[in-house]
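Notes follow once the structure below has been shown.
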Amino acid sequence: MKETINNLILKAAARAYQKGDLPSGELSEVDIEEPKSDAHGDFSTNIAMKMASVQKISSRKIAEVIIDQMDDPGRIIEKIEIAGPGFINFFLKAPSWYPVLRKIHDMDSKYGSSNVGNREKIQVEFVSSNPTGPLHIGHGRGAAVGDSIGNILSFCGYEVQKEYYINDSGRQIDTLGRSVYLRYKELLGKPISFPPECYQGDYIREFAVFVKADKGSELLDMDEENAVFYCAKLAAKKILSGIRQDLSAFGVEFDNWFSEQSLYDAGRVDDIINNFQQREIIYQKDGALWFNTRKFGDEKDRVVVKKNGQTTYFASDIAYHMDKYHRGFDRVINVWGADHHGYIPRVAAAIEASGKHPNQFQVISVHLVNLLRGGKPVAMSTRMGQFITLRNIIDEVGRDAARFIFLTRHHESPLDFDLEVAKTKTNENPVYYVQYVHARISSIARKGTDREKTDVTWDKQAVNRLRTPEEIQIMKAMARYPDVVQHSANSLEPHHITHYLTHLSALFHAYYNKHRVLTDDPILSHGRLYLVFAVKKIIKSGLTLLGVSAPEKM
RNA sequence: GCGCCUGUAGCUCAGAUGGAUAGAGCAACGGACUUCUAAUCCGUAGGUCGCAGGUUCGAAUCCUGCCAGGCGUACCA
């Protein structure tokens, strides 16, 4: 629809120039917007104001000239007005919206999708929590955002892979093993001192109990390094399997789980260090190896191999990102916690150093979640090992509510997550507000006659009965859905979908309360069913992009 | 100190490419269920868009400076 208007304007402006009514043939780009106020029409353009400086005549005059040349072959326009400093406002006839309905039904679950992605290969990496403890609420937000961005990009024609990077190497894993090992020794009555950097949680003790049950006191006879290694492997494996289960319960399925250790095993980390050394962007200083990230925009150089010979996390991260491009991804998107944002420039530097374009690497910073219960902060002490896990939240408030709430805010905005609010079933909690639309329409369908249930197809006469302001508003809103999806994909911001769904739901609920769908007039009923079934399809489509279910009954 | 993020109604937050009278929900007040699900709707009230300049036909949006809060500034991950 927008495009149609766009063409009308461009043609009119071109004709005006040919006739000599416009001094310059240089046409500005046309901006079409949907005015907030109905008094300003269905669509509006500011082209006259934009052209004024080039054309050297007043914007109202330009608007007049363009309107004079306006043609309307499809007879969609009710009237055109010039308003304010030179806005051209278009008022459309109700029937001009009907093709949207048909399109929604024809395309069905594909409505809103596109192929602008052109099969470009994108990888979205998210969560990637270290397997040293269970997922918490912050991971949940990252999971919801990453998963949804992946869904939206696929919907827009990108070829998307969702990946989880497992940090199964390095000091943290060692610390995990040490923590379990110490608790194990403690269980066997040995005196221990438990360092503060070790993991305090009860789950560590559970692993120790498991080791004891499985191996008895066997580990005491091994040398400590091997015993710790054994504990580390075992605990990491169990934790990772718990993480997989939690994510699955949260409705998140990864296409690939990528192990950091595998990079070391395959010699990839050494390879990239050697390669960069040869290219002299890695150099030696103070007994360590430094990457010259400053040359690529970072504020200082970074160590990749420490004085003690160990590689840093950054070193394997370089190898990891090189591997991503090696696997053929055109663009790589990382969803990280906002506390890692200082890390972005150095990874970006590594990517630039390898000859990739900066826009092939994007980081989504997900800000922290304040967990509340009834308005009061919930104590989240990792140190004490006492915290509410993602699993607890899924169990208490449900997956749909949690995911939806995570996606109501811009990801760079801190989010308050109130467990009590998340459980309420009122307007305060928008998930149910939106899902209720789907359930209500499903209910209408169940109440309709057999013919109405199965045979609600395009019928010109029936659709022609859709004339009320509420019906037209709904059709307008539905016409916008593809734009909203596209905008979400371009900006990597799922929350636009969430807000759009809430808005469409409000329009539907108002309509439902004011008008009956099933009436004594079968033709009118047919038209209205055709309308609300379209709404149902979009609600389901949007919820699916967010990873939220669309229930038939509530 | 420097860097990034945030600052919009009493509260929680939307406001893409600068547009006309800045929008929702909650809370407050008043209404609507014999009717397709009241997990809903209708109405009233609520604002110096952190502050000060600048850019222009036009700024919550762009630029500069300041204020407040969060995060980051490792040979940690």
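Excluded from the calculations below are hydrogen atoms, water molecules and symmetry mates; all remaining heavy atoms, backbone and side chain alike, are included. We name chains A, B, ... by the order of the sequence lines, and we start the count at 1 in each one.
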Give me the distances for all protein-to-nucleotides 19-22 of chain B N/O pairs that come in under 3.5 Å?
unit_1, atom_1, unit_2, atom_2, d
G19(B), N7, N46(A), ND2, 2.8
A20(B), OP2, K36(A), NZ, 3.0
A20(B), N6, S44(A), OG, 2.5
A20(B), N6, N89(A), OD1, 2.7
A20(B), N1, N89(A), OD1, 3.3
A20(B), N1, N89(A), ND2, 3.1

If you restrict it to nitrogen or oxygen atoms, what contacts under 3.5 Å exist between nucleotides 71-74 of chain B and the protein, and what is each distance?
unit_1, atom_1, unit_2, atom_2, d
C71(B), O2, H341(A), NE2, 3.4
U73(B), O2', E299(A), OE2, 3.2

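Among the heavy atoms of the strands lying under 4.0 Å from A288(A) is at least one base atom, whether or not backbone atoms are also near.
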Just do the side-chain contact (heavy atoms from CB on, under 4.5 Å) check on R141(A) and V335(A) with the steps written out, would you? CA-CA 10 Å; R141(A) 187 179 189 186; V335(A) 179; over 6 Å; no
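The only member of K540(A), R440(A), K536(A) that meets salt bridge (charged side-chain N to carboxylate O under 4.0 Å, His left out) when paired with E552(A) is K536(A).
Separation of the F406(A) and H411(A) ring centroids does not fall under the 6.0 Å cut-off.
Atom P of C29(B) sits at a distance of 33 Å from the matching atom of U21(B), rounded to the whole Å. Annotation: G23(B) and A9(B) have their C1' atoms spaced 11 Å apart (nearest Å).
In this entry A52(B) has U64(B) as its Watson-Crick or G-U wobble partner, both defining distances falling under 3.5 Å. Nucleotide A16(B): unpaired (no Watson-Crick or G-U wobble partner with both distances less than 3.5 Å). If you check A28(B) for Watson-Crick or wobble pairing at under 3.5 angstrom, you find it paired to U44(B).
K423(A) has a carboxylate O that lies under 4.0 Å from a charged side-chain N of E396(A), or vice versa, which qualifies the two as a salt bridge.
Of the candidates U40(B), A14(B), C76(B), C76(B) carries the atom nearest the R171(A) side chain, counting heavy atoms from C-beta on.
Within residues 399-411 of chain A, the residues having any heavy atom closer than 4.0 Å to RNA chain B are, in order of number, R409(A), H410(A).
In this structure, OH on Y320(A) lies 9.5 Å from OG on S262(A), to the nearest 0.5 angstrom.
The heavy-atom pair separating T502(A) from Y433(A) by the smallest distance is O-CE2, 3.7 Å.
Checking S505(A) against L518(A), the closest nucleotide of RNA chain B that is more toward the 5' end is the one next to L518(A).
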